[in-house]
Amino acid sequence: MRLSSYYLPTLREEPSEREIPSLRLLLKAGYIRRIAAGVYTFLPLGFSVYKKIENIVREEMNRAGGIEILMPALNPSELWEESGRWTNFGPELFKLKDRTGRDFCLAPTHEEVSVEIVRRTVKSYRQLPLLIYHIQTKFRDEPRPRGGLIRAKEFVMKDLYSFDRDDKGLDESFEKIKIAYERILQRLKLPYLVLEAEAGAIGGKYTLEFTVPTPSGEDEVILCENCGYASAKSIARIGERDTQEEDISEDTNLKKVHTPNLTTVAEVASFLGIEPKKLVKTLLYLLDGKPIAALIRGDRELSESKLALAIGAKEIRMADEETILRLTNAPMGFSGPVNLKEEVTIVADKEVAGMKGFVTGANEKDYHFLGVVPGRDFKISLVADIRVAQMGDPCPQCGEDLMEIRGIEVGHIFKLGTEYSEKMQAYFQDEDGSLKPFVMGCYGLGVSRLVSAIAEVHHDEDGLCWPPCVAPFDIILILVNSQDEEQRRVAEDIYARLSDRMSVLYDDREESPGVKFKDADLIGIPLQIVVGRKVKDGIVELRLRKNHQTEDVPIEEVEERTFAVWEKIKAE
RNA sequence: CGGGGCGUGGCUCAGAGGUCAAGAGCGCCUGGUUCGGGACCAGGAGGUCGGAGGUUCAAAUCCUCUCGCCCCGACCA
C-alpha cells in the first residue's frame with residue numbers, strides 16, 4: 001500500500017482525550033475516531049488490527065469445536081420477556097420500538113436468541129454437544145463509557161453458547177473454551193489472569209474472568225504473588241490470620257455513651273477519640289426478604305456478594321430506613337448487635353468474631369455501647385468471610401499477603417446450567433426418552449476491547465508497537481527523500497519485491513524525513529526499512545520498531561534478510 | 001445518577017463586557033527553497049465563539065435554560 005494514496009489521519013498534537021495510553025495513541029495514530037461518547041469508528045489501520053484479532057479468535061473457536069453463525073443485533077422483546085431479562089437487565093438494555101410500536105432491544109448479549117434457535121432446531125441428545133458462536137456488534141447503555149474501546153456503548157463481542165446433555169458435558173465444553181481463551185491471549189501476546197468472578201446480569205453458577213493486568217484497567221483484582229490465587233476484588237476470599245493484639249481491648253465493661261447525632265464510623269470514632277477499627281459497624285440487609293445484620297470492623301468494607309454467598313441468598317438489598325427503625329428501634333446510624341430483634345440473623349465477619357471490647361450502636365437514638373463482647377452481649381448466628389479483601393490481607397490459599405492490582409477484563413465465561421433453557425422451555429429428548437433442559441454455558445470475549453488491551457500493553461513513548469500477528473502491516477518502507485531519484489528507484493524496487501510475500505506500507509509521501517520517522521514509530525508497524533542516504537553505498541536499513549535495533553543491509557539482500565527477520569520476530 | 005470541568009477554524013488552545021465588524025500555533029491550499037527524527041520563506045482559504053432565550057448603548061465574555069463532551073464517584077461485561 002502506498003501511503004500517498006492511503007487514508008491515515010495521524011494527529012500531530014496530543015488529542016484532548018489522553019487519560020489512558022491506549023486511547024491517546026489509537027486516536028493520535030489514526031486508528032480510531034470518536035463519534036459519540038462510547039461510540040467509535042475504526043479507521044483503516046484500526047480496522048485492520050481488529051480484523052486480525054477477530055480472525056485469531058475465530059480460528060481458536062473453530063479449533064475448539066465452535067460453529068460460527070450470525071445472530072441479529074435487533075431482538076424482539078418477547079424473547080427477553082421469556083428469560084425475564086426484559087426488566088431484570090436494567091437500564092443498560094437499549095430498548096426501542098419499531099414504527100408499529102412493537103418493542104425491541106439492541107442486544108447486549110445473545111443467550112435468548114441462541115436458545116430460541118436451538119430449541120427450535122435441536123431435539124435429540126444425538127445432536128449434542130453443540131457449540132455455536134458469533135461475532136457481532138452489541139450494545140449496552142453504559143451509564144458512563146470510558147477508556148475509549150474499553151467501555152463503550154457499542155462494541156464487538158464474540159459470544160459462544162454451549163449446549164450439553166448434562167453437567168459433565170458442560171464441564172467438558174467449559175474446559176475446551178477456557179483452553180481456547182488461553183491460546184488466544186497467548187497468541188495476542190497479552191499477559192492475563194484467570195479470576196474467580198461474579199456472574200452479574202448473565203447469571204450462572206460458576207464463572208471465570210480473563211483479565212489483562214494493567215494500571216489503567218478498571219477491573220479491581222486481588223492477587224497472591226506467592227501462590228497465584230487471583231480473584232475479582234468484590235468476591236476475593238480472605239485467609240485465616242490470628243487475632244491481632246490490637247483487636248482486643250482491655251476495657252470490656254459494657255457501657256452506654258451519649259453520642260448525639262453521630263451516625264458515621266468516622267464521627268463516632270473521632271468523638272470518642274479512638275481509631276475507626278475499634279468500632280464494629282452493623283449493616284442491616286434483606287436477603288431474599290429475610291433480615292440480616294452484618295457485623296464488620298469499622299474501617300472495613302462489606303462485600304454484598306460475599307454476604308449473599310455466605311447465606312446462600314439470591315437477592316440482597318440494604319434495608320431501608322423504615323425497616324431499620326422497625327428492627328432496631330432506632331434510626332439509621334445507631335444500629336448494633338446488642339438487643340436486636342430475634343428475627344434478625346447476626347452474621348459476623350471472621351475478623352469481628354475475634355474482637356473484644358469494641359464500640360457499636362446501642363439501638364437507641366444518640367447512643368453507642370463501649371466494651372461490647374460477642375457471646376456475652378449478643379449471639380453470633382454465623383461467622384463468615386464477608387468483607388472486601390484488600391492489600392495485605394492473608395491469601396485464602398497460602399496465607400501470604402494479598403496484592404491489589406487493576407486490569408482490563410477481556411473475557412468472561414459462565415456455566416449457566418439450565419437457567420435459560422428452563423425459563424425458555426428448551427428441551428431435548430435424552431437417550432432414555434425423557435425430556436431434559438439443555439445444560440448451557442456462555443463465553444464472551446470482547447473483540448474490540450482487545451484492540452485497546454493490546455495497545456495498552458504494547459506501546460512506548462514513541463507510539464504503538466504491535467505484536468507481529470496483529471500489526472496492520474508487516475513492514476513499513478520509508479523513502480527518506482522523495483526527491484532523490486536513486487532513493488526513489490530503490491524504494492520502488494524493494495516495494496515491488498517484498499509485496500509478494502508481505503504486507504508493505506510504503507511511505508512514498510512528499511513529507512520531510514522527520515514526519516515519516518515519527519509517523520512510522522507512532523503507528524507501530526513491527527519492521528521498518530529505511531531507504532535513505534546510504535543508498536549511494538548500496539545499503540538500506542532494516543529496523544525493529546520494538547527496540548529501534550538497526551542493521552545495514554545491502555540492497556540486493558533485502559528480500560532474503562527481511563523475510564528472515566520477519567519469520568524470527570513472528571516466532572518470538 | 002451525585003460531584004467537578006470543558007464546548008472558540010480540521011487539531012491543540014488563548015481571549016473573561018467596548019481596543020475582537022474574532023486570535024495564536026499546528027494542519028490545509030499556492031509558489032519557491034530544503035530533505036536522516038514532527039523543515040524554512042512568501043502569499044492564501046477557513047469561525048453564525050455548542051444551541052435557545054435574556055440583561056446591556058454594547059455579549060465569545062454576564063444571567064437562565066438546554067444539548068454535547070471529559071474526569072472522579074455510584075453502577076457494571
Side-chain angles (χ1 to χ4, degrees), chain A residues 9-20 23-24 27-30 33-39 89-93 107-111 138-153 155-159 195 197-204 207-211 216-220 232-234 304-305 407-414 442-450 461-463 478-488 507 509-522 528 530-536 539-541 543 548 550:
Chain A
T10 55
L11 267 25
R12 185 175 287 229
E13 305 205 38
E14 295 293 312
S16 53
E17 289 135 60
R18 56 179 80 118
E19 294 310 313
I20 70 167
L23 179 58
R24 197 190 103 235
L27 289 167
K28 190 176 183 200
R33 278 294 163 95
R34 192 179 61 73
I35 293 302
V39 182
F89 204 90
E92 289 195 355
L93 188 62
T109 168
H110 287 256
E111 284 76 14
K138 310 209 174 192
F139 300 84
R140 250 168 234 263
D141 194 355
E142 291 289 349
R144 183 180 155 207
R146 67 182 87 180
L149 268 24
I150 292 174
R151 173 160 301 263
K153 289 201 174 196
F155 52 96
V156 181
M157 185 131 157
K158 184 285 306 171
D159 264 323
L195 307 184
E198 274 188 281
I202 308 287
T207 93
L208 292 176
E209 203 177 287
F210 292 78
T211 292
S216 55
E218 53 175 357
D219 227 31
E220 293 180 298
K233 185 176 176 183
S234 59
E304 295 187 0
S305 313
I408 299 171
E409 180 189 355
V410 294
H412 202 157
I413 63 181
F414 304 77
C442 79
Y443 315 83
L445 190 65
V447 184
S448 49
R449 183 177 274 191
L450 279 166
E461 63 278 10
D462 293 319
I478 301 167
L479 169 58
V480 175
N481 183 350
S482 58
Q483 304 294 304
D484 184 305
E485 282 311 313
E486 193 183 9
Q487 285 184 29
R488 181 171 281 276
D507 192 349
R509 294 175 300 173
E510 301 201 8
E511 286 285 356
S512 70
V515 171
K516 296 187 179 190
F517 289 130
K518 288 286 188 188
D519 271 346
D521 285 347
L522 178 62
Q528 306 176 341
V530 180
V531 179
R533 60 189 167 208
K534 292 179 190 162
V535 158
K536 58 183 183 303
I539 282 175
V540 297
E541 287 165 22
R543 308 215 285 212
H548 295 110
T550 303

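Atom set for the values below is all heavy atoms of this structure, side chains included, hydrogens, waters and symmetry mates excluded. Letters go in sequence order (proteins before strands), and every chain restarts at 1.
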All N/O contacts under 3.5 Å from nucleotides 27-31 of chain B to the protein, with atom names and distances to one decimal?
unit_1, atom_1, unit_2, atom_2, d
G27(B), OP1, Arg12(A), NH2, 3.3

### Message
As a test of reading the structure: which of G37(B), C69(B), G38(B) is closest to the side chain of Phe517(A), going by heavy atoms?
### Response
G37(B)

### Query
Hey, is the side chain of Glu541(A) pairing donor to acceptor with the base of G36(B) inside 3.5 Å?
yes

### Query
For atom C1', what is the distance between G36(B) and G50(B), given to the nearest Å?
44 Å

### Summary
Sorted by chain and number, sequence neighbours left out, salt bridge (Lys or Arg N to Asp or Glu O under 4.0 Å) with Asp484(A) holds for none

### Message
Base, sugar-phosphate or nothing for Ser16(A)? Non-hydrogen atoms, less than 4.0 Å.
### Response
sugar-phosphate

### Task
Would you mind classifying the nucleic acid contact of Lys138(A) as base, sugar-phosphate or nothing, using non-hydrogen atoms under 4.0 angstrom?
nothing

### Message
Strictly by Watson-Crick or wobble contacts shorter than 3.5 Å, is anything paired with G47(B), and which nucleotide is it?
### Response
none

### Task
Determine the interatomic distance between P on A45(B) and the same-named atom on C40(B); round to the nearest Å.
22 Å

### Message
Categorize Ile478(A) for me: base, sugar-phosphate, or nothing, with a 4.0 angstrom heavy-atom threshold over every strand shown.
### Response
nothing

Check nucleotides 71-73 of chain B against the protein and report each pair of N or O atoms closer than 3.5 Å, with its distance, or say if there are none.
unit_1, atom_1, unit_2, atom_2, d
C72(B), OP2, Arg144(A), NH2, 2.2
G73(B), N7, Arg144(A), NH1, 3.4

### Task
Pick base, sugar-phosphate or nothing for Glu14(A), based on heavy-atom distances below 4.0 Å to the nucleic acid.
sugar-phosphate

### Message
My understanding is that only residues two or more places apart in sequence, or in another chain, count here; which of them pass side-chain hydrogen bond (donor to acceptor under 3.5 Å, both in side chains) with Ser305(A)?
### Response
Glu198(A)

#### Entry: All side-chain hydrogen bond (donor to acceptor under 3.5 Å, both in side chains) counterparts of Ser216(A), not counting sequence neighbours
Thr214(A), Glu456(A)

### Message
Test of understanding: with salt bridge (Lys or Arg N to Asp or Glu O under 4.0 Å), list the residues that count as partners of Arg543(A), not counting sequence neighbours.
### Response
Glu541(A)

### Query
Can you name the salt bridge (Lys or Arg N to Asp or Glu O under 4.0 Å) partners of Asp141(A), sequence neighbours left out?
Lys153(A)

### Task
Please tell me which of the listed nucleotides, G37(B), C76(B), A39(B), lies nearest to the side chain of Glu92(A)?
C76(B)

### Task
Check ring-ring contact (aromatic ring centres under 6.0 Å, His included) between Phe210(A) and all other residues, then give those that pass, not counting sequence neighbours.
Tyr181(A)

### Message
Can you tell me whether the side chain of Asp521(A) and the base of G37(B) have a donor-acceptor pair closer than 3.5 Å?
### Response
yes

### Summary
side-chain hydrogen bond (donor to acceptor under 3.5 Å, both in side chains) filter on Glu220(A), not counting sequence neighbours, yields none

#### Entry: Inter-nucleotide P distance (U12(B), C70(B)), Å rounded
13 Å

### Task
Using the C1' atoms only, state how far C65(B) lies from U55(B), rounded to an integer number of Å.
15 Å

### Query
Which base sits across from A24(B) as a Watson-Crick or G-U pair, both distances under 3.5 Å?
U12(B)

